[in-house]
Each structure stands twice: as structure tokens, then as C-alpha cells.
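These notes concern the structure reproduced below.
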4 protein chains.
Amino acid sequence: METSLTGLKRAAPTDARQVRSRKALTGALLALLKDKSFDQLTIREITARARTGYATFFRHYPTKEALLSDVASEEIGTLLDRTIPILHETSSYESTLALCRYVADHAALWSALLTGGAAAIVREEFILQARHLAQVEQRPNAWLPADLGVVHGTGSTFDILAWWLARGNPSGEHESVGQIATILHHLVIAPLVGGRLEASPATV
Amino acid sequence: METSLTGLKRAAPTDARQVRSRKALTGALLALLKDKSFDQLTIREITARARTGYATFFRHYPTKEALLSDVASEEIGTLLDRTIPILHETSSYESTLALCRYVADHAALWSALLTGGAAAIVREEFILQARHLAQVEQRPNAWLPADLGVVHGTGSTFDILAWWLARGNPSGEHESVGQIATILHHLVIAPLVGGRLEASPATV
Amino acid sequence: METSLTGLKRAAPTDARQVRSRKALTGALLALLKDKSFDQLTIREITARARTGYATFFRHYPTKEALLSDVASEEIGTLLDRTIPILHETSSYESTLALCRYVADHAALWSALLTGGAAAIVREEFILQARHLAQVEQRPNAWLPADLGVVHGTGSTFDILAWWLARGNPSGEHESVGQIATILHHLVIAPLVGGRLEASPATV
Amino acid sequence: METSLTGLKRAAPTDARQVRSRKALTGALLALLKDKSFDQLTIREITARARTGYATFFRHYPTKEALLSDVASEEIGTLLDRTIPILHETSSYESTLALCRYVADHAALWSALLTGGAAAIVREEFILQARHLAQVEQRPNAWLPADLGVVHGTGSTFDILAWWLARGNPSGEHESVGQIATILHHLVIAPLVGGRLEASPATV
DNA sequence: CTCTAATCGAGACGGTACGTCGCGTCTTACG
DNA sequence: CGTAAGACGCGACGTACCGTCTCGATTAGAG
């Protein structure tokens, strides 16, 4: 929970066996996360599921969190690149919609990360990375501390997306993407950027 | 993380020794939470800090989470009673301000719960209790599923209060309470209830 | 096992309640010894069986062994008074028979002590007391150290009696007493005192 | 006390580490048995003496008794192979002498087993194994139940050997071996097999 | 026949050993 | 001769029982 992911991408291995081992491990982690909480997962359990030797795990990752990082960190970064900019645009609905589309396109992975047992730790990492990104581009605001804006915006976005993915399978349903984007924009983005609610075409 | 607090208040013991032991344990938990994450706390550590026998812990609580529950559960309920109603009033700023004042008045306890190592688990419990409460009084909404509204409203409120408490000591500073209430109302409450932003007198 | 019984008879209590408590405890011990080993008996178990408070046990006996002592110590002394002299008589069959009769007459108690879970510890005490008794009246013997004679004689007698009591209920069967006395005399007493085997009328 | 050793020899491990661990554990047990009773020995104490991790104990033995078994069981079997046959020979003194010589040759080990804190439990195992062996070759006897004969013979032999080993160091003293064999034969073997006492040349 | 003090039951307490489990390291034996 | 399998030291877990202790609530026996 308190442990934060490193955010450092692990050097890509060249050896074919290493590739196979890592893929097996990440796959096993994602598979197991559908059933149990991340921190009640056992390394032995992961390696057993991956059909891999126990010690092999440590040849690739120092801790369980490092494996999760290897799975999640890059994806978090990619998603963040699509989240942060939204806050800076006045006309932001389109960007919000794009964000939701992206998540829907990678529903399987993001379901595991946002609704699986690792949700809390991924959320922490999500916000942590966002704060680091935001430190650079301070946009002073009279009534809202910048840091709080980032925390609230990122966290809420995370929560709404997680809630969305927790309902069955949203991918493919074009309608649903628009709806969730509207909600997200209405509840989070618009209040932050001070944009008009009318900016969202789908406001019922 | 996945473990949720029971929400059931433990029966108050009559024996003076039991009262003393429980007080020592809860006190030790709160004290330790200021330094470390809840789940990297050890029961042995708690009992050592409480100057209590290790086995005595289990005479009172079956798990570490049960102790946290005993500390937090009632407080969460009290706070929720002040959070949920806000969403139902059109003129809600005053209620928001009252909520913030309440938190400021119990800053020590809520700092431990919201910003300490137990934050994630307390947050889960917070939302869980809110969802249960909200199930009763379904207020259908065309564009926003009721459940999502609760999750977003509760979670965001939690986050903003946590951010607030994480900055030094907010108690006593009358100004600060008003500011955070304004922000909370602006970012979370107003978008949910559809109230006008002008409802908040302090909007700068 | 290594713990030896004190051999000190506890002062008899006058208070009726104390009498009742001790009787309940000794009775419970004997009852439980029929099922389980002495040292896998729990003080809590004994007090529960005795329908007695847990702390009450310690008001009467400092340890589990003290309770066993209270039950067994005097009986062991009495039996020893009938065992030791046998070794000193040339015509000893009658004494052996008397010993067996005495045991048969108190079969219930001796079954518990010799064949129950406390057998090993009672045996140790048996031999220990015998050695102490024998130290006084040294009867030098050229080929057999006196101490070894006592150890062997007492231990073997104990074993044979225990074997005997372990077969159903020997009391009432007059025949059986004679047979076991013959065996005991033949196997143990006669070789020790150098008496003739013919001394035993029942030698087949 | 009531717990009996399994009598099953543990499969010999091939891994050098396992060999080392087991040797350390058995060695520690024998060393500690010189000082304290077996059942007031702590597994933690054994592992500490063996310079071994606590959990490692359980990777090799399920209980303390299993460790004792690993130390004693085979030795008991070997000794029994030399004890039982004696009862079947008419001219048995030589066999008795051979038995005593064997014990004297392994005095260190047998001192630990017979006179150490595990004596009672080893004795039980001794007799138990003997009874199992004797069940096969029933040699009916008019005045002596076969089972009692075995119990008495084995138990007495155990006691006399234990008494012998408890006096200092008997190995090397040729005289002593003959003397104890004579006593053993006189007190136990001869009465059982009905042999004449004159069969023993050393009878003084 | 009362009153007072001893004895009772109940059970919480600080300890300590238990046996289990998972960790991360490090050795071994096999392919 | 490198890698999987897995044994190892470590330490927290939750359980059980120890012997001590405080509580009222009986209840015996002395006055």
C-alpha cells in the first residue's frame, strides 16, 4: 500500500528464455489478480502459476512490487500523458473522450490494474506520478492549490474509470464510452478547469 | 486492502482491566500509524508499544483490522452521517462547511486515519459504508448512476480532506476551514447536486 | 518424568469447602488418567472435570505433580513397606502373596497409578523411595551391588504388577492372585534372595 | 511418555545440506540429553544448540519424538536382535555376555539413551518393539504368559544396563562386562529360560 | 443466628513455546 | 557448467497453557 512502484522500466532482456520467463510471470500476475488481492498473493503462487522455478522470480524482480511495476508502470505513464493535458484545455471534452476510448481499447489490462487486488497500490502510483509530472508545469490558481487539483483530478478519474470497468465488459460498446466520458467530464474535469458544462455535447 | 472493516462496534467491556487493555491497544495503533503504514505494522509491535502481552491482543481483536475497525468504524459512521445528507440539499455549502469544521475539531484522530498508513483501508471502508447507506434512499438520476455518484462523492471528499490534513495542523485556523469547504463544495458537491457555483459565498 | 514427587503429605484441611475441592481435584485426576498421559493433561482440563475454578487448583497444589503426589505418595509408601521386607526373608512366598493381595484389594487406585498415563513418573518415584529406604539397611552381597538389587527388584515388581492390572479386573479372582504371586516370586524375588524355587508351592 | 517412537527409519537424504542439518540436530539432542529430561527440552533449545534455524527442525522431523526416534530406533532394533534370542537358548550366558559387550562398545550412545532424560520414552519403545518381535514366535509356557515374559525380560535388561551405564565409564574394563553379564543372566535370563544358575561360570 | 472472613467461580493478564507460512538468499545436483 | 529446484535462516503469525492477579458472590464457623 505504502510501497510505491519504482516507475523505472526494467531493461528489456535479450535472452529468449528470459523473455519467456518474464512473460510467464507477468501473465500469471494478471491472471491471479482477477481472483485475489495483490498483497495476499504469494510469490510462490505466482511462480507456480507461471510454471516457473521459485528462485527464477528473483532473477528478474527483486520484489513482488517490482513485477507489478513492470506490468503497470509504463501503462500508468501512458495513461497519465492523456490525463494531465486535459486539465489544461478549455475545450476538454474531446480529450476526455479520447482518454476513455484508450482505456476501453485496453480493457483487459486496465481491468486487472484498476479493479483487481492491486487497485489501491496502482492508485497510489497513479497519483504519485501525476504529482511529479505536475510539479514542472505549475499553473497557479487563486482558489485551488495546484497540488490538490492534481490529486483530486487524477484520483477521481481513476475511481470513475475503475467503477466503469468493474461493470462487465465496456469495450465495443461505443455508447458506454461516450456516457462515461460525459460523466467524467461533468464531475471532474469541468469543475477543475472551470469549463462550462455545456461544453459537453452529451449533457442530458 | 481487500479486507474491509466490519463496521460493527465491539461490545464495550465492563471489566476495568479490559477497558485498560483496549485503550492501550487503540492508543498504540494510532501512535504507530503516524510513523508507518498500517500493514507493515506488526501485532507484536502494537502490543509492545501498548505495554501489553502479545496474546492479550487476540483476547480483544481477532485481527489487526478488527483493532483498526474499533478505532475507526464509529468515527467513519459519524462522519458519513454528515457527508451523505449534503448531497441531498440544494443549498449545501453550509453543510459542507459543517463537515469540514467537524473534521478540524477532531484533527488528531482524522489525521491518523486519513493520512496515516491505514489510509487505503479506511478509504475502502468509508466508501463501503456510504454505498450501504445510499442503497436505501435511491435517488434516480438520468445521466449519473446513483452508485457512481456515491463512490465519487465519498471518495473525493475523503481525498480532499486527507490532502488538507496532510498539511500541518489545520485546527484553530478558521480561515482554512472555510477555504477547504469552498474547494470541496466547488469540486465535488456542486457538480453532483447540480447546484450553482454561486451558492458558495467564498468563491474567489 | 524427571520430576520426582515430593513424598510430603499435604496437611489435611479442616474447612469443608477445601475438603470438597481437593476431593474433586484428586478424583478428576484419577478419572482423566484412565484416558490420557499425565503430562499431556492440562491443569485447566483437571479443574474443568472437577467442576472447580481454575485458580482454585493453585490454592491447593503448586503444580500438577503436587496433585499426583497427594494421590500417590502415601500409597507408594504403603506398598513399599510390603515390598522391601520380602527381599530379606528366606521363606518369602507368603509375603509376595500378601503383596499381591494388597494390590488386588486396591485395584482401582493402583490401576490408575500403574497402568494410567502417570505410570512412568510413578515408577520413578517408586524406585526412588525404595532406594532411600534401602540405604539404611545395607545388606552386602558379594556378586550383587545392593543398589542394583533394589532397583531391579522394585522396578520388576512394578512392571509385573502393572502388566497384571492391565489385564481387565483381577480383583475377586482368587486364583489370579496366586498365579501372579508365583510368577513374581519366581522371576524376581527368588533370584534376588537366592531362595529355592521349590519354596513356591504353585511352581508348576 | 505415552508417545511411542515410530520405529521407522527415516529415508536417508542425499543433499549435503540435509545431511548436515540432521547430523547437527541429532548431535544437539544427544548433547542436551546429558543435562536435562527429554520432555523438558525445547525444540527451540535443540535448534539453538544445533546452530540451525527453528523452522528447519520441522523440515526434517514432525515432532521432537521423531528426532529421538531417528537417533534411537535403529539402535534399539540392533540391541533387541541381541536380546530376544538369548531367551531361546538353554546355554545362554555367552549370549548375555555378547550383549553386554555390545553395549559397552557403544557406551556413549547408550548412556545417552538409557540414562539420559529420554530413558522413560526409550524404555517404552524398547519394550514395544520387543513385544512386536515376540508376537511372531509364540513359545507357550504353562506358568508364564509369553507376553509378560517379554515385558519382564526386556524391561529388566534395560534397567540393569541403565544402572550399569550410570556408573562412570564401563568401556575398557573387561572385568566389569563379565560381572554385569553374570548379574543380568542370574537375575533375569536364567529365571526366564529355566536354565540352571550353574550355567554361569562366574556365579560366586 | 448472625456476622465476618475465608474460599469460591470466573477469567483477564504477561509470558513463552508451539507449529505454520512466506520471505529472500544461497547451495546443490542435474541436464 | 549454467540453471531449476529447493533447503536454509529468519521472523510474524495465531493458538494453547502456564502461573499470577483481581474481582464480586457465596458460605462456613466463631461468637
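Each chain gets a letter, A, B and so on, in the order its sequence line appears, and its residues count up from 1.
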Among [options], which nucleotide has an atom closest to any side-chain atom of [X]?
X	options	answer
D15(D)	dA4(F), dC8(F), dA29(E)	dA29(E)
S21(D)	dT22(F), dC8(F), dA28(F)	dC8(F)
I43(C)	dG19(E), dG24(E), dG19(F)	dG19(F)
R59(C)	dC8(E), dC21(E), dA4(F)	dC8(E)

Calculate the interatomic distance between [X] atom [atom1] and [N] atom [atom2]; express it in whole Å.
X	N	atom1	atom2	answer
L25(D)	dA7(F)	CG	P	15 Å
Q18(D)	dA5(F)	CD	C1'	12 Å
Q40(B)	dG11(F)	CD	P	16 Å
K64(B)	dC13(F)	NZ	P	7 Å
D39(D)	dC18(E)	CG	P	12 Å
K23(D)	dC8(F)	NZ	C1'	19 Å
R22(C)	dT7(E)	CZ	P	10 Å
F57(B)	dC13(F)	CZ	P	9 Å

Taking N and O atoms by type only, does the side chain of [X] place a donor or acceptor under 3.5 Å from a partner on the base of [N]?
X	N	value
R51(D)	dG9(F)	no
Y54(C)	dG9(E)	no
R17(D)	dT27(E)	yes

**Prompt:** If you pin G53(D) and E45(B) to their nearest nucleotides in DNA chain F, which one's is more 5'?
**Reply:**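 Whichever sits nearer the 5' end wins; that is G53(D).
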
**Asked** Between F58(D) and Y54(D), how do the two ring planes meet: parallel, tilted or perpendicular, split at 30° and 60°?
**Response**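 Because their plane-to-plane angle is over 60°, the rings of F58(D) and Y54(D) count as perpendicular.
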
**Sugar-phosphate, base or nothing in reach of R20(C), heavy atoms under 4.0 Å** =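 The residue R20(C) makes no contact with any strand.
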
**Request:** Pick base, sugar-phosphate or nothing for A16(B), based on heavy-atom distances below 4.0 Å to the nucleic acid.
**Result:**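 No contact.
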
**Item:** H60(D) side-chain N/O to dC8(F) phosphate OP1/OP2 under 4.0 Å
**Value:**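 True: H60(D) side-chain N/O within range (under 4.0 Å) of dC8(F) OP1/OP2.
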
**Prompt:** About how many Å separate CD1 of I43(D) and CG of L67(D), when rounded to the nearest 0.5 Å?
**Reply:**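 L67(D) CG to I43(D) CD1: 8.5 Å, rounded to 0.5 Å.
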
**Asked** Roughly how far apart are L33(B) CG and L29(B) CG, rounded to 0.5 Å?
**Response**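 If I round to the nearest 0.5 Å, the distance is 4.5 Å.
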
**Prompt:** Taking C-beta and beyond as the side chain, do K64(D) and D39(D) meet within less than 4.5 Å on heavy atoms?
**Reply:**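 Answer yes - side chains close enough.
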
**Message:** Quick check on DNA chain E: between T52(B) and R44(B), whose nearest nucleotide comes earlier from the 5' end?
**Reply:**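 So the residue in question is T52(B).
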
**Asked** Considering heavy-atom distances to DNA chain E, does T56(B) or F58(A) have its closest nucleotide positioned more toward the 5' end?
**Response**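 Looking at DNA chain E, the more 5' nearest nucleotide goes with T56(B).
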
**Item:** Between R44(A) and T47(A): side-chain donor-acceptor atoms closer than 3.5 Å
**Value:**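 Side-chain D/A pair, R44(A) to T47(A): absent.
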
**Prompt:** NZ of K23(D): more than 12 outside heavy atoms within 6.0 angstrom?
**Reply:**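 Open.
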
